[in-house]
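Some notes on the structure that comes next.
The chain is numbered in sequence order, starting from 1. What you see is a predicted model; the values in this text were computed from it and never measured.
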Amino acid sequence: VLDTTNFTLLNIAFDYDIDGNWAASNNNRINVFSSANGGAFTNLSSIPVARNSDFLNHSVDAATTGSSTTTFRINGVGQQQNTAELYLDN
């Protein structure tokens, strides 16, 4: 949760890497969501990812910057077993 009282536009930038036991590449994705002021989350992006791949400098704008707080949520879809790993950085 970010205090966005003094901001009007917000984005999140990150690098990712997946490794381990993931599904076929066309079934893997990373979803990015945002929420303004504790409200419902909006799906901002569904990024397709290939197994054993990485992506640098992915940037997504918040759907709405909250007048008090903005929250981002990131999740991975397609992992086959608990050996699948998703790394986020930066």
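Closest approach of G38 to T69, counting heavy atoms only: N-OG1, 4.0 Å. Here the closest heavy-atom approach between residue H58 and residue I47 is recorded as NE2-CD1, 3.0 Å. Taking each heavy atom of T70 and A62 in turn, the nearest pair found is CG2-CB, 4.2 Å. In this structure, D19 and Y87 approach most closely via the heavy-atom pair CB-CE1, 4.3 Å.
Atom CZ in F41 sits 5.0 Å away from atom OG1 in T71 (nearest 0.5 Å). Here T4 contributes atom OG1 and L2 contributes atom CG; the two are 7.0 Å apart, rounded to the nearest 0.5 Å. How far CG of D17 is from CG of D89: 10.0 Å, rounded to the nearest 0.5 Å.
Listed by chain and number, the residues in a side-chain hydrogen bond (donor to acceptor under 3.5 Å, both in side chains) with S68 are N37 (sequence neighbours excluded).
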Distance-only check: which donor-acceptor pairs under 3.5 Å involve side-chain atoms of residues 73-82, not counting sequence neighbours?
residue	atom	partner	partner atom	Å
N75	OD1	N31	ND2	3.2
Q81	OE1	N21	ND2	3.3

For residues 6-16, tabulate all N or O donor-acceptor pairs below 3.5 Å that involve a side-chain atom, not counting sequence neighbours.
residue	atom	partner	partner atom	Å
D15	OD1	N57	N	2.6
D15	OD2	N90	ND2	2.5

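Two different hydrophobic clusters hold L44 and F33 under the rule that ILVMFWY side chains link at heavy-atom gaps under 4.5 Å.
Using a distance-only test at 3.5 Å, with no hydrogens or angles considered, no donor-acceptor pair links the side chain of D61 to the main chain of A63.
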